[in-house]
Amino acid sequence: MKFWIGVTNNDWFNFLSQRQPDEVNFWQPGGTAFKALQSGELFLFKLHSPLNYIVGGGYFVRHSIFPISLVWNAFGEKNGAEDFESFRSRIIRLRKQINRDEIDPMIGCNILANPFFFKEDDWIPVSNEWWSPNIVQGKTFDTDNSTGFSIWEEVQRRLMMNEKLVQDKAENVSEEVPLYGSEYLTHARLGQGAFRVLVTDTYNRRCSITGERTLPVLDAAHIKPYADSGPHRIDNGLLIRTDLHKLFDLGYVTITPEFRVEVSRRIKEEFENGREYYALQGNQLHLPASQIYRPSLKYIEWHNQVKYKK
């Protein structure tokens with residue numbers, strides 16, 4: 001099995017290790033694609049020299065490229081910064097092609113679920129035999145060879161020694177979930193940030209109801225809200241325009257089991273308006289190509305029965 005050791009900013013690691021979040025964004029200041037891992041594979045953190053140690057990691061969910069405003073709204077402090085201005089300043093400082101007038105630059109996002117942070121006594125020394133000082137971003141390893149297997153064993157031993165890390169991992173992954181591939185994304189218990197990014201990408205950054213593609217006005221909506229025990233799963237999500245998201249959450253709009261739009265008569269009764277929304281009545285949703293990511297019928301039925309104002 002492959003895994004990746006990524007060179008991390010020491011401040012990023014220290015900030016997040018103090019907070020122990022359920023997910024993190026291991027961001028890149030530029031928009032370079034990351035193709036080293038499949039979903040569910042291990043992504044490890046190595047501090048900058050002279051602190052040549054592996055200090056933690058997480059389970060890779062997805063790489064995507066987004067404007068920093070959306071990234072901050074999705075992950076907040078899980079980006080490793082205390083506020084948006086600190087986050088943006090750090091990115092601008094690290095970009096090779098600096099354009100300080102760029103309002104909302106695009107950055108790469110490596111989304112990691114169930115991160116773990118080793119105590120300093122458990123840090124794993126990095127050997128010069130398998131790590132070159134000129135490695136800037138990171139390196140792929142494979143458990144099929146002796147070096148990769150040895151590193152993997154050291155990581156697993158530390159995880160097993162730390163009961164809390166093992167317990168947190170178990171509580172955040174559903175039973176019988178594979179360690180990689182599309183099934184991981186379908187069944188793993190993702191965080192809010194991962195949910196927003198995955199739903200946005202799964203719907204090709206297009207409103208499932210109107211087809212709108214203006215990213216700042218698109219929201220990843222839960223069909224069954226998280227507050228009502230709805231999970232952060234792709235099949236419990238829709239990408240919809242902000243105004244429709246509000247109407248959907250309030251029950252003035254729903255979707256049918258046939259994936260068509262249903263608009264409540266209560267909009268006209270209560271607000272004496274709604275012509276634009278009634279024009280959407282009966283429209284077919286723009287759905288993901290993959291069947292496993294399409295809205296689950298059990299969440300649709302819940303919204304129809306509990307939320308929708310008939």
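Given the structure is predicted, the values throughout are model-derived calculations rather than measurements. If you read the sequence from its start, that first residue is 1, and numbering goes on from there.
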Do [X] and [Y] share a hydrophobic cluster (ILVMFWY, side-chain heavy atoms under 4.5 Å, transitive)?
{"X": "Ile209", "Y": "Val199", "result": "yes"}
{"X": "Tyr226", "Y": "Ile111", "result": "no"}
{"X": "Ile54", "Y": "Ile135", "result": "yes"}
{"X": "Tyr308", "Y": "Ile223", "result": "no"}
{"X": "Trp302", "Y": "Leu250", "result": "no"}

Does any non-hydrogen side-chain atom of [Y] lie less than 4.5 Å from one of [X]?
{"X": "Ile5", "Y": "Lys139", "value": "no"}
{"X": "Glu23", "Y": "Phe75", "value": "yes"}
{"X": "Leu280", "Y": "Asn283", "value": "yes"}
{"X": "Leu285", "Y": "Leu238", "value": "yes"}
{"X": "Asn273", "Y": "Ile267", "value": "no"}
{"X": "Tyr59", "Y": "Leu37", "value": "no"}
{"X": "Thr256", "Y": "Ile300", "value": "no"}
{"X": "Pro295", "Y": "Leu287", "value": "yes"}

TODO: Would you mind telling me which of Phe141, Phe149, Phe60 makes a ring-ring contact (aromatic ring centres under 6.0 Å, His included) with Phe3?
DONE: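 Passing option: Phe141.
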Task: Residue from Asn79, Leu47, Val24 passing side-chain contact (heavy atoms from CB on, under 4.5 Å) with Trp12 - done: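 Checked Asn79, Leu47, Val24 against Trp12; only one passes side-chain contact (heavy atoms from CB on, under 4.5 Å): Val24.
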Answer yes or no: is there an ion pair linking [X] with [Y], defined by an N-O contact shorter than 4.0 Å?
{"X": "Glu153", "Y": "Arg157", "result": "no"}
{"X": "Glu301", "Y": "Lys298", "result": "no"}
{"X": "Glu212", "Y": "Arg241", "result": "no"}

- [ ] Mind checking side chain to side chain donor-acceptor pair (under 3.5 Å) for Asn236 and listing every partner two or more places apart, or none if nothing turns up?
- [x]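 With sequence neighbours excluded, Asn236 shows a side chain to side chain donor-acceptor pair (under 3.5 Å) to no residue whatsoever.
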Of the non-hydrogen atoms in [X] and [Y], which two are nearest, and what is the gap between them?
{"X": "Thr8", "Y": "His48", "result": "O-CD2, 2.9 Å"}
{"X": "Lys310", "Y": "Asn304", "result": "CE-O, 3.7 Å"}
{"X": "Pro231", "Y": "Tyr299", "result": "CG-OH, 3.2 Å"}
{"X": "Phe259", "Y": "Gln284", "result": "O-NE2, 3.1 Å"}
{"X": "Leu244", "Y": "Cys207", "result": "CD1-SG, 4.4 Å"}
{"X": "Ala221", "Y": "Ile240", "result": "CB-CD1, 3.8 Å"}

Strictly under 6.0 Å, is that where the ring centroids of [X] and [Y] end up?
{"X": "His303", "Y": "Phe248", "value": "yes"}
{"X": "Phe26", "Y": "Phe13", "value": "no"}
{"X": "His286", "Y": "Tyr203", "value": "no"}

Any donor-acceptor N/O pair, [X] side chain to [Y] backbone, under 3.5 Å:
{"X": "Ser49", "Y": "Leu51", "value": "no"}
{"X": "Ser86", "Y": "Glu82", "value": "no"}
{"X": "Asn204", "Y": "Arg206", "value": "no"}

More than 12 foreign heavy atoms under 6.0 Å from [atom1] of [X]: is that the case here?
{"X": "Lys268", "atom1": "NZ", "answer": "no"}
{"X": "Phe84", "atom1": "CZ", "answer": "yes"}
{"X": "Gln137", "atom1": "CD", "answer": "no"}

To the nearest 0.5 Å, how far apart are [atom1] in [X] and [atom2] in [Y]?
{"X": "Ile234", "Y": "Thr202", "atom1": "CD1", "atom2": "OG1", "result": "4.0 Å"}
{"X": "Leu190", "Y": "His232", "atom1": "CG", "atom2": "NE2", "result": "8.5 Å"}
{"X": "Ile91", "Y": "Gln28", "atom1": "CD1", "atom2": "CD", "result": "11.0 Å"}
{"X": "Glu41", "Y": "Thr140", "atom1": "CD", "atom2": "OG1", "result": "9.5 Å"}
{"X": "Thr143", "Y": "Lys2", "atom1": "OG1", "atom2": "NZ", "result": "11.0 Å"}
{"X": "Glu154", "Y": "Ile151", "atom1": "CD", "atom2": "CD1", "result": "9.5 Å"}

Pair [X]-[Y], side-chain donor/acceptor within less than 3.5 Å:
{"X": "Asn52", "Y": "Lys46", "result": "yes"}
{"X": "Ser17", "Y": "Asn14", "result": "no"}
{"X": "Thr147", "Y": "Asn145", "result": "no"}

Task: Criterion salt bridge (charged side-chain N to carboxylate O under 4.0 Å, His left out) on Asp22 and Lys78, from CA distance to verdict - done: CA-CA 9 Å; Asp22 62 341; Lys78 297 173 187 178; 2.8 Å; yes
Cut-off 3.5 Å, no hydrogens considered: what does the side-chain donor-acceptor table look like for residues 117-131, sequence neighbours left out?
from, atom 1, to, atom 2, distance (Å)
Trp123, NE1, Phe118, O, 3.2
Ser127, OG, Glu129, N, 3.0

TODO: Give the C-alpha distance, both sets of side-chain angles, the deciding distance and a yes or no for side-chain contact (heavy atoms from CB on, under 4.5 Å) between Asp235 and Ile292.
DONE: CA-CA 7 Å; Asp235 63 354; Ile292 62 173; over 6 Å; no
Less than 3.5 Å apart, which donor and acceptor atoms pair up between the side chains of residues 63-74 and the rest of the protein, not counting sequence neighbours?
from, atom 1, to, atom 2, distance (Å)
His63, ND1, Cys109, O, 3.3
His63, ND1, Asn110, OD1, 2.9
His63, NE2, Thr32, O, 3.3
Ser64, OG, Asp201, OD1, 3.4
Ser64, OG, Asp201, OD2, 2.5
Ser64, OG, Arg205, NH2, 3.0
Ser69, OG, Asp104, OD1, 3.3
Ser69, OG, Asp104, OD2, 2.6
Asn73, ND2, Ser69, O, 3.3

TODO: Decide whether a cation-pi geometry holds between Lys309 and Tyr252; the criteria are a distance under 6.0 Å from NZ or CZ to the six-membered ring centre and an angle within 45° of the ring axis.
DONE: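 Lys309 over Tyr252 ring: yes.
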